[in-house]
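The sequence lines fix the lettering, A, B, ..., with proteins before strands; numbering per chain opens at 1. Computed from a prediction, not measured in an experiment: that's the story for all the values here. Scope of the values below: all heavy atoms of this structure, side chains included, with no hydrogens, waters or symmetry mates.
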Protein chains: 2
Amino acid sequence: MGLKGQFQNYLREQGLKSTRQRDIILDAFLEAGVHLSTEELYLKLRPYHPHIGYATVYRTLKLFAESGIAAERHFGDGQARYEANSEEEHHDHLICTDCGKIVEFENHRIEQLQEQVAREQGFCITRHRLDLYGLCPECQT
Amino acid sequence: MGLKGQFQNYLREQGLKSTRQRDIILDAFLEAGVHLSTEELYLKLRPYHPHIGYATVYRTLKLFAESGIAAERHFGDGQARYEANSEEEHHDHLICTDCGKIVEFENHRIEQLQEQVAREQGFCITRHRLDLYGLCPECQT
DNA sequence: CCCCTTTTGAAATCGATTTTCAATTTAATA
DNA sequence: TATTAAATTGAAAATCGATTTCAAAAGGGG
Ligand SMILES: [Mn+2]
Ligand SMILES: [Mn+2]
Ligand SMILES: [Zn+2]
Ligand SMILES: [Zn+2]
């Protein structure tokens, strides 16, 4: 079952409707594939679907996140960004503060240590965020 | 040299001026000592110094961050928060999503692994952010 | 098709942040 | 101490992304 099927299931379960706009936005979102902001997706769609409003893109991305097919991220540039949740593992990010490039990484050992830290403090962790900011290879003169 | 001296040096170096407001705000900021938002500090000051405007508190906290005596943090509640940079080690945070409690922690091994990840990707890290969200001991029923 | 519910799009609103601008203050210099 | 140029202040306005409002339109079960 792909992300599209997963989303359709979510709509059905919640008594929500499948609409032309949601289909179009989901296709564009999956095709874009990067860490996209609401505005970026809206602008990307506009040339082909000028009838789709910003509010609809905004609401639909929220819905993707609720349904679990996407995740909302905040990298400190002031806007929320979304990325598709493939069935792969969770990952964290390296962000270039110069050109904005975002590289994903996974590190199981770090995740384990986070769990350990939380346990020591008596916390029960539901999610975490690890962002590393610096210069990518190209931006180091 | 304490944080106050450090800030005075920064002002001098940058050709900025030492003012009554900056002194008052710095004292209040250092005294408060928690993860304070601009608004919280403004409200804390107001009873004693009703003549100090919100914009001044805002600008002064930014200045603290620029000078290096404070750090700006974002814990996802929509407002920036500031904390004094004691000469102690860097630390990260556990945040209770129920009551908002924030617990600080240090984990040298995690920091090392972050460096290693960055090195593998050719990045040169300047800062990072590790936030663990979940329920604190009190909020786990 | 009917009817009820959900969705849409444009515009308005929201809350935090940031800027504007005229008046005031600082601090270097005469 | 008086002069002066530059920086700062405070109130209000502007900005910015996110979110809501609301009337019109569309979905979909029966
Ligand atoms: Mn990612
Ligand atoms: Mn802290
Ligand atoms: Zn770069
Ligand atoms: Zn709690």
Side-chain angles (χ1 to χ4, degrees), chain A residues 7-29 35-67 70-82 100, chain B residues 7-29 35-67 70-82 100:
Chain A
F7 185 58
Q8 292 307 326
N9 284 351
Y10 179 78
L11 294 181
R12 201 169 314 114
E13 286 165 17
Q14 303 290 315
L16 303 177
K17 297 181 177 180
S18 177
T19 68
R20 203 151 39 81
Q21 286 90 335
R22 285 176 179 166
D23 286 346
I24 292 169
I25 295 170
L26 181 50
D27 283 338
F29 174 63
H35 302 89
L36 221 59
S37 70
T38 308
E39 168 135 62
E40 285 166 358
L41 186 52
Y42 169 68
L43 292 177
K44 182 170 143 64
L45 280 168
R46 199 166 56 172
Y48 312 102
H49 304 284
H51 54 95
I52 296 185
Y54 179 90
T56 301
V57 177
Y58 162 79
R59 283 183 289 227
T60 304
L61 283 171
K62 285 274 176 196
L63 197 55
F64 291 168
E66 281 170 35
S67 78
E72 185 178 326
R73 306 274 190 189
H74 294 262
F75 295 122
D77 65 343
Q79 0 190 85
R81 295 184 173 278
Y82 293 84
Chain B
F7 185 59
Q8 292 307 324
N9 285 350
Y10 179 78
L11 293 181
R12 202 169 313 115
E13 286 165 17
Q14 301 291 314
L16 302 177
K17 297 181 174 177
S18 177
T19 68
R20 204 152 36 83
Q21 287 90 335
R22 286 175 178 167
D23 287 346
I24 292 170
I25 294 170
L26 180 50
D27 283 338
F29 174 64
H35 301 90
L36 222 58
S37 70
T38 308
E39 168 138 61
E40 285 166 357
L41 185 52
Y42 170 68
L43 291 177
K44 183 170 142 64
L45 280 167
R46 199 165 56 172
Y48 312 101
H49 303 284
H51 55 95
I52 296 185
Y54 180 90
T56 301
V57 176
Y58 161 80
R59 283 183 290 229
T60 304
L61 283 171
K62 285 274 175 197
L63 197 56
F64 291 168
E66 281 169 37
S67 78
E72 186 178 325
R73 307 274 191 190
H74 294 262
F75 295 122
D77 65 343
Q79 1 191 83
R81 296 183 172 280
Y82 294 84

Hey, does B/Ser37 reach any base, or is it just sugar-phosphate, or nothing, if we go heavy atoms under 4.0 Å?
nothing
To the nearest angstrom, the CD1-P distance between A/Ile24 and C/dT7 comes to 16 Å
Applying side-chain hydrogen bond (donor to acceptor under 3.5 Å, both in side chains) to B/His51 and not counting sequence neighbours gives none
Here the distance between atom C1' of D/dG17 and atom CZ of A/Arg81, to the nearest Å, is 12 Å
_Please tell me whether A/Phe75 and A/His35 form a close aromatic pair, meaning their ring centres lie under 6.0 Å apart._
yes
A/Glu39 meets the side-chain contact (heavy atoms from CB on, under 4.5 Å) criterion, sequence neighbours left out, with A/Ser37, A/Leu43, A/Tyr54, A/Gln79
In whole angstroms, the gap separating P of D/dT9 from CG of B/Leu11 amounts to 10 Å
By ring-ring contact (aromatic ring centres under 6.0 Å, His included), B/Phe64 pairs with (sequence neighbours left out) B/Phe7, B/Phe29
Looking only at D/dG28, D/dT19, C/dA27, the nucleotide nearest the B/Lys17 side chain is C/dA27
In whole angstroms, the gap separating C1' of C/dA16 from OH of B/Tyr82 amounts to 11 Å
Per atom distances to the B/Lys62 side chain, the nearest of C/dT6, C/dT18, D/dG28 is C/dT18
B/Asp77 atom CG is separated from C/dC14 atom P, nearest whole Å, by 20 Å
Sequence neighbours excluded, the answer for salt bridge (Lys or Arg N to Asp or Glu O under 4.0 Å) partners of B/Arg73 is B/Glu83
Between OH of B/Tyr58 and C1' of D/dT15 the distance, given in whole Å, is 11 Å
Distances under 3.5 Å between protein N/O atoms and the N/O atoms of nucleotides 8-10 of chain C, please, pair by pair.
residue	atom	partner	partner atom	Å
C/dT8	OP1	A/Thr19	OG1	2.6
C/dT8	O3'	A/Gln21	NE2	3.0
C/dG9	OP1	A/Gln21	NE2	3.3
C/dG9	OP1	A/His51	O	2.6
C/dG9	OP2	A/Gly53	N	3.2
C/dG9	OP2	A/Thr56	OG1	2.5
C/dG9	O5'	A/His51	O	3.4
C/dG9	N7	A/Arg59	NH2	2.6
C/dG9	O6	A/Arg59	NH1	3.3

A/Asp23 CG to D/dA26 P, in whole Å, measures 15 Å
The answer to which of B/Glu39 and B/Leu16 contacts DNA chain C further toward the 5' end, by nearest nucleotide, is B/Glu39
Rounded to whole Å, the CG-P distance (B/Leu41 to C/dA16) equals 16 Å
In terms of heavy-atom contacts, B/Tyr42 and B/Gly53 come closest through CE1-C, 3.8 Å
Sorted by chain and number, sequence neighbours left out, side-chain contact (heavy atoms from CB on, under 4.5 Å) with B/Gln8 holds for B/Leu11, B/Arg12, B/Ser18, B/Asp23
